[in-house]
2 protein chains.
Amino acid sequence: MIMNELRRRAIEASPLCVGIDLREDHIPEELQSLPLERQFVEYAKEIVEASAGYASCYKVQIACYEAYGLQGLQAYKEILSLVRRAGHIVIADIKRGDIGSTAQMYAQGHFEGDFEADILTLNPYMGHDAISPYTEYIRKKNKGAFILGKTSNAGSADFQDLRIGDECLYERVLKTIGRWNEAMEGFEGYGGYGAVVGVNHAGELERLKAAIDGLFLLIPGYGAQGAKIEDIAALVQKNKNGVINVSRGYTANIGKDFRRELRMRAVDLAEELGQCFR
Amino acid sequence: MIMNELRRRAIEASPLCVGIDLREDHIPEELQSLPLERQFVEYAKEIVEASAGYASCYKVQIACYEAYGLQGLQAYKEILSLVRRAGHIVIADIKRGDIGSTAQMYAQGHFEGDFEADILTLNPYMGHDAISPYTEYIRKKNKGAFILGKTSNAGSADFQDLRIGDECLYERVLKTIGRWNEAMEGFEGYGGYGAVVGVNHAGELERLKAAIDGLFLLIPGYGAQGAKIEDIAALVQKNKNGVINVSRGYTANIGKDFRRELRMRAVDLAEELGQCFR
């Protein structure tokens with residue numbers, strides 16, 4: 001079960017999940033003469049090399065590459081592949097969500113072939129039959145999915161915070177993800193479904209903590225978006241049940257001596273985020 | 001404003017929105033010897049040729065092509081391009097949804113370049129700041145977005161039907177989309193945001209009708225998924241404010257004489273769906 005393996009790596013290395021969500025203005029000067037797609041791939045290579053041993057996994061935001069059409073997606077493919085070849089777990093941040101027969105096509109597209117990843121992020125709005133088509137891959141190929149529960153943006157309040165009786169929509173969604181996970185055949189430990197849970201606009205952490213019982217988490221919003229170490233620790237300290245994504249905070253505003261800087265940032269972040277487990 | 005133009009075409013031709021959501025087993029025998037990606041493109045060409053004049057617009061489900069990686073997306077690109085070159089409005093059924101800075105990348109990827117479409121489908125779960133980055137394109141390039149309100153799958157009940165006070169979540173989402181639309185600078189008629197509204201699991205149509213006031217609709221679920229003409233008519237008869245997607249029902253189970261069959265199906269569907277406006 002992939003969430004258990006991810007947890008093992010988070011304990012061994014650190015809860016740092018390096019986000020390879022590259023933008024044009026993240027690229028170090030030395031690589032800027034290459035064609036844009038090569039810049040992304042070459043910088044990604046350096047990022048993986050510099051952070052290996054300090055990170056538990058990598059997350060790649062497909063939108064950063066989809067923005068550039070086919071050539072961007074060629075870079076996306078190469079980045080996924082180089083991360084996986086180095087033996088790391090890669091999370092494809094695709095946030096897809098569609099009816100069953102369409103979800104099946106997305107599962108095929110992102111759990112095998114050009115865009116094969118280990119774990120996908122998925123959107124829950126369309127309900128269980130939009131999630132269940134991924135299950136076969138999760139069981140047979142040891143894949144996984146992080147489903148959006150509470151996101152880290154301010155707009156997450158618009159619908160996710162709406163009250164359903166005495167709980168928020170996101171609490172209901174998280175508890176439902178927990179039930180889906182436990183219902184999966186061959187379920188063990190943290191299973192194959194986890195949840196995306198941002199803490200920076202989450203309100204009462206005690207309620208959130210109750211809602212995520214038994215789930216492994218992908219936690220966005222640290223750094224640029226303002227999530228605090230102590231709030232994250234409130235969720236994961238006891239069970240070491242989450243990884244924490246840092247994207248811009250790791251890859252942007254990099255200087256000339258970027259290889260050394262990437263290494264030092266990885267060391268620092270691993271130490272900083274490791275506090276959540278202690 | 002693109003929703004007004006779409007409405008004009010729906011009145012002039014028919015409310016039929018042809019879904020080019022192709023699967024391997026949709027392809028007519030005559031085209032099956034081509035490489036799969038060519039099969040998709042060539043069949044799409046025939047579909048557009050046969051249905052022109054009977055349909056108001058075309059919808060292309062990206063997952064059907066994303067499933068085949070880069071080559072599938074090459075076909076997706078060509079299909080979007082051939083539909084647009086023929087002067088038709090094309091809806092990219094991508095159902096994306098992500099935080100602001102990422103939404104901006106998706107907007108770039110699907111409102112310009114290789115994958116340029118006229119209207120996108122979007123997911124509302126992450127709230128307003130996950131939708132607003134598309135607005136600049138909508139205003140400046142006369143683009144549009146259909147945001148998921150009530151979907152046509154059974155699982156739509158899991159979260160969309162949850163009660164927020166005296167209304168369902170999907171009613172709240174639809175009313176919010178209406179407000180976002182009206183708040184758009186240069187708003188006129190049906191504006192640039194519409195909603196995806198399935199009627200096959202929608203419960204009380206009167207309540208749904210109240211929630212969609214002022215919105216132009218993309219209605220899925222007719223045919224294979226079981227939405228009825230009279231239920232659709234209940235929503236759009238008065239204002240002619242929607243297009244109705246037919247995908248499998250138009251493109252699958254096609255015989256040897258497929259060009260003639262596509263033409264006849266288009267004539268029949270235009271007549272059948274035209275009843276919703278009468």
Side-chain angles (χ1 to χ4, degrees), chain A residues 21 23 61 63-74 77 93 95-110 112-115 123-132 148 151-160 162-165 169 172-173 176 220-221 225 248, chain B residues 21 23 61 63-74 77 93-110 113-115 123-132 148 151-160 162-165 169 172-173 176 220-221 225 248:
Chain A
D21 305 355
R23 313 291 174 118
Q61 170 54 261
C64 295
Y65 310 96
E66 209 169 300
Y68 301 97
L70 289 170
Q71 292 206 299
L73 287 164
Q74 168 70 37
K77 173 193 155 170
D93 197 357
K95 297 190 178 67
R96 303 299 193 250
D98 214 310
I99 60 165
S101 59
T102 305
Q104 216 145 13
M105 302 308 278
Y106 278 130
Q108 179 184 325
H110 296 277
E112 59 182 48
D114 284 347
F115 305 140
N123 185 304
Y125 189 69
M126 296 179 72
H128 187 240
D129 56 19
I131 300 291
S132 56
L148 303 184
T151 58
S152 58
N153 59 324
S156 71
D158 291 342
F159 302 121
Q160 295 166 28
L162 291 175
R163 282 268 160 186
I164 315 282
L169 174 60
R172 179 66 75 95
V173 170
T176 307
Q225 292 172 68
R248 272 172 291 177
Chain B
D21 305 355
R23 313 290 174 117
Q61 170 55 260
C64 295
Y65 310 97
E66 209 169 299
Y68 300 97
L70 289 170
Q71 293 207 299
L73 287 164
Q74 169 70 37
K77 173 194 156 169
D93 197 357
I94 61 173
K95 296 190 179 68
R96 302 300 193 249
D98 214 310
I99 60 165
S101 59
T102 305
Q104 216 145 11
M105 302 307 279
Y106 277 130
Q108 178 183 326
H110 296 277
D114 284 347
F115 305 141
N123 185 304
Y125 188 70
M126 296 179 71
H128 187 241
D129 57 19
I131 300 291
S132 56
L148 302 185
T151 57
S152 59
N153 59 323
S156 70
D158 292 342
F159 302 120
Q160 295 166 28
L162 290 175
R163 283 268 161 186
I164 315 282
L169 174 60
R172 178 67 75 96
V173 169
T176 306
Q225 292 173 66
R248 272 171 290 177

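Chain letters run A, B, ... following the sequence lines, proteins first, then strands; residues in each count from 1.
- Although no hydrogens or angles enter the test, the distance criterion places no donor-acceptor pair under 3.5 Å between the side chain of Q108(A) and the main chain of Y68(B).
- Of the listed residues Q160(B), R172(B), R163(B), the one with more heavy-atom pairs under 4.5 angstrom with chain A than any other is Q160(B).
- Here N123(A) is the residue among T176(A), D21(A), I131(A), N123(A) with the most heavy-atom pairs under 4.5 Å with chain B.
- Inter-residue side-chain proximity for L169(A) and Y125(B) is flagged as met; some heavy-atom pair is nearer than 4.5 Å.
- Annotation: maximal heavy-atom pairing with chain A below 4.5 Å, among Q74(B), K77(B), Q104(B), occurs at Q74(B).
- Every residue was checked against the salt bridge (Lys or Arg N to Asp or Glu O under 4.0 Å) condition with R23(A), not counting sequence neighbours, and none meets it.
- Smallest separation of non-hydrogen atoms from A67(A) and M105(B): CB-O, 3.3 Å.
- Taken from CG in D98(A) to CG in N153(B), the straight-line distance is 8.5 Å, to the nearest 0.5 Å.
- Counting heavy-atom pairs under 4.5 Å between each of A103(B), G100(B), P124(B), A107(B) and chain A puts P124(B) at the top.
- Contacts with chain B were tallied for G113(A), A130(A), C64(A); C64(A) has the most, counting heavy-atom pairs under 4.5 Å.
- Partners of Q71(A) according to the side-chain contact (heavy atoms from CB on, under 4.5 Å) rule, which considers only residues two or more places apart in sequence or in another chain, are E37(A).
- Shortest non-hydrogen contact noted between F115(A) and G69(B) is CE1-CA, 3.7 Å.
- Contact count against chain B (heavy-atom pairs under 4.5 Å) is highest for R96(A) among Q61(A), H110(A), H128(A), R96(A).
- Taking L148(B), D129(B), D158(B) one by one and counting their heavy-atom pairs under 4.5 Å with chain A, the maximum is reached by D129(B).
- Pairing each heavy atom of I94(B) with each of Y106(A), the nearest pair is O-OH, 3.7 Å.
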